[in-house]
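Residue numbers count from 1 along this sequence. Hydrogens, waters and symmetry mates are skipped; everything else that's a heavy atom, side chains included, is used.
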Amino acid sequence: MAELQSDSWDHSDQVEVMGVSVTESSLTMPESLKMRHHDPNREKRYSNGSLVSIDGPKTMNQEPLSPEDVNLPQSFVVKYLGKREARGLWGIKNTRKPVDEMVNAAKSLKPGQQLPHIQLKVSEEGVVLSDLPQNVNKNFTAGLYPIDIVSYGVQDVVYTRVFAMIVVTETAASGAALRDGRFPFECHAFVCDSRISAKRLTFALATSFQAYSRTVATKGEKVKPKKFAIDLRPPEVIANEMEGDEEDSEA
């Protein structure tokens, strides 16, 4: 996914999934995910124990295989790692360094210090952060991040319990931040209770993108809908691609 500057934030009527542009209202899965989705052995596994068939009710313990497996709204109890400047709208290359910085900062917390313990809810309107009664660290901004300012979401490839998203700040439209030598994009990161939860959160955001795209299309107004990107590939696949890119650049 190409890195865009703020003057490119005029968008097209697309949602970009794993590098594939989709102009329909539904998100298209790549063949690799389609094969997993229809794998009878995988369906059999989910029919045993605490998990259910992928054709049955969706539970929080069930690993989602596509955005269609996740209904909105979805709520998650997470730890907020914080936010850092991102250098572009989309792509794991624009979230990896900020996530590393935030994880290292969390590891260096003094004894007794805690990350904010919050609720993250994904709906068709966007992403809402709210406080929890047990939270002792109020160092986060509660409220709604509207879906039209969220440009990218991904499950991290190194810390697979971490979900990261890129948010476009208000200064992006004017380009003031770039003129000042700053990037008008923020990377926010959250620690989920499991790798499955991080994946479900990513899919929930994909479903929200899908709903926004559908709403804009139904209105029929001559507006410039935003272009989003969501990476639904397994972390191992993204990591392998990143390693390939590094080898190509060294060559």
Side-chain angles (χ1 to χ4, degrees), residues 6 60 72-174 176-178 180-205 208-209 228 230-231 235:
S6 63
M60 290 302 290
L72 297 181
Q74 290 276 323
S75 293
F76 304 84
V77 173
V78 298
K79 292 180 180 178
Y80 182 53
L81 279 172
K83 64 181 179 180
R84 292 288 189 280
E85 181 183 84
R87 300 179 66 86
L89 284 171
W90 308 320
I92 189 75
K93 63 181 179 182
N94 292 315
T95 60
R96 268 284 45 253
K97 183 179 177 182
V99 166
D100 276 344
E101 291 175 353
M102 288 183 270
V103 169
N104 289 334
K107 288 179 178 178
S108 63
L109 289 175
K110 296 177 181 177
Q113 290 183 319
Q114 299 179 19
L115 292 171
H117 198 200
I118 64 174
Q119 176 177 272
L120 185 157
K121 183 170 82 169
V122 182
S123 68
E124 293 189 5
E125 287 72 38
V127 177
V128 177
L129 306 184
S130 56
D131 204 1
L132 289 174
Q134 64 268 36
N135 180 42
V136 296
N137 185 344
K138 309 298 180 181
N139 188 23
F140 76 100
T141 303
L144 172 67
Y145 289 89
I147 194 62
D148 61 356
I149 70 167
V150 180
S151 64
Y152 181 69
V154 69
Q155 179 182 12
D156 191 64
V157 297
V158 177
Y159 305 100
T160 54
R161 286 173 54 203
V162 171
F163 165 79
M165 69 177 185
I166 294 178
V167 172
V168 183
T169 62
E170 293 179 0
T171 55
S174 63
L178 283 175
D180 293 341
R182 296 176 289 110
F183 289 87
F185 318 119
E186 292 175 347
C187 174
H188 295 252
F190 310 86
V191 183
C192 301
D193 59 7
S194 69
R195 173 177 172 153
I196 290 179
S197 290
K199 183 175 182 179
R200 179 172 290 276
L201 207 170
T202 307
F203 278 28
L205 186 62
S208 185
F209 285 164
F228 313 97
I230 191 84
D231 207 328

- Least distance between heavy atoms, G153 atom then L205 atom: CA-CD2, 3.8 Å
- Correct closest heavy-atom pair for V150 and F209 would be O-CE2, 3.7 Å
- Does K83 reach the side chain of F140, with side-chain heavy atoms less than 4.5 Å apart? no
- Message: With side chain to side chain contact (heavy atoms under 4.5 Å, CB included) as the criterion, how do W90 and D231 come out once you've worked through the C-alpha distance, each side chain's angles and the decisive distance to 0.1 Å?
- Response: CA-CA 9 Å; W90 308 320; D231 207 328; over 6 Å; no
- Message: Return the CD to OG distance between Q119 and S130, rounded to the nearest 0.5 Å.
- Response: 4.0 Å
- With a 4.5 Å limit on heavy-atom distance, are the side chains of I118 and F190 in contact? yes
- Where the side chain of Q155 meets the backbone of R195, is there a donor-acceptor pair that is under 3.5 Å apart? yes
- dist E101:CD -> R96:CZ (nearest 0.5 Å) comes out at 10.5 Å
- Message: What I'd like to find out is whether the side chain of T202 reaches to under 4.5 Å of the side chain of V154, using heavy atoms alone.
- Response: no
- Query: Less than 4.5 Å apart, any side-chain heavy atom of L115 and any of N139?
  - Reply: no
- Hey, does L81 have a side-chain heavy atom less than 4.5 Å from the side chain of V162? yes
- Less than 4.5 Å apart, any side-chain heavy atom of T141 and any of L129? no
- Task: Say whether, by atom type as modelled, one donor and one acceptor occur between the side chain of Y152 and the main chain of I92 under 3.5 angstrom.
- Result: yes
- Message: Keeping S208 on the side-chain end and A204 on the backbone end, is there a donor-acceptor pair under 3.5 Å?
- Response: no
- Message: So that I can tick it off, tell me whether D193 and R161 are bridged by a salt bridge, with the cut-off set at under 4.0 angstrom between side-chain N and carboxylate O.
- Response: no
- Item | Within-4.5 Å side-chain heavy-atom neighbours: L201 and Q74 | no
- Query: Considering all heavy atoms of both residues, which atom of E124 and which atom of I147 are nearest to each other, and what is their separation?
  - Reply: O-CG2, 3.9 Å
- Give the intermediate values and the outcome of side chain to side chain contact (heavy atoms under 4.5 Å, CB included) for residues R200 and C192. CA-CA 10 Å; R200 179 172 290 276; C192 301; over 6 Å; no
- Expected output: side-chain S108 to main-chain A105 donor-acceptor under 3.5 Å: yes
- Query: Looking at F185 and R87, what are the two nearest heavy atoms and their distance?
  - Reply: CD1-C, 4.1 Å
- dist H188:NE2 -> Y145:OH (nearest 0.5 Å) comes out at 4.0 Å
- Pairwise distance CG(N135) to NZ(K79) - rounded to 0.5 angstrom: 11.0 Å
- Candidate pair I230 and F203, rule side chain to side chain contact (heavy atoms under 4.5 Å, CB included), full reasoning: CA-CA 8 Å; I230 191 84; F203 278 28; over 6 Å; no
- Task: Taking S123 for its side chain and P73 for its backbone only, find out whether a donor-acceptor pair lies under 3.5 Å.
- Result: no
- Task: Compare all side-chain heavy atoms of L89 with those of N94 and state whether any distance is below 4.5 angstrom.
- Result: no
- Item | Nearest atoms (heavy-atom pairs only) where K138 meets L132 | NZ-O, 4.5 Å
- Query: Which atom pair, heavy atoms only, marks the closest approach of D156 to V158?
  - Reply: OD2-N, 3.0 Å
- Item | Stepwise side chain to side chain contact (heavy atoms under 4.5 Å, CB included) check, N137 with H117 | CA-CA 7 Å; N137 185 344; H117 198 200; over 6 Å; no
- Item | Distance in Å, L109 CG paired with N104 CG, rounded so as to fall on 0.5 Å steps | 11.5 Å
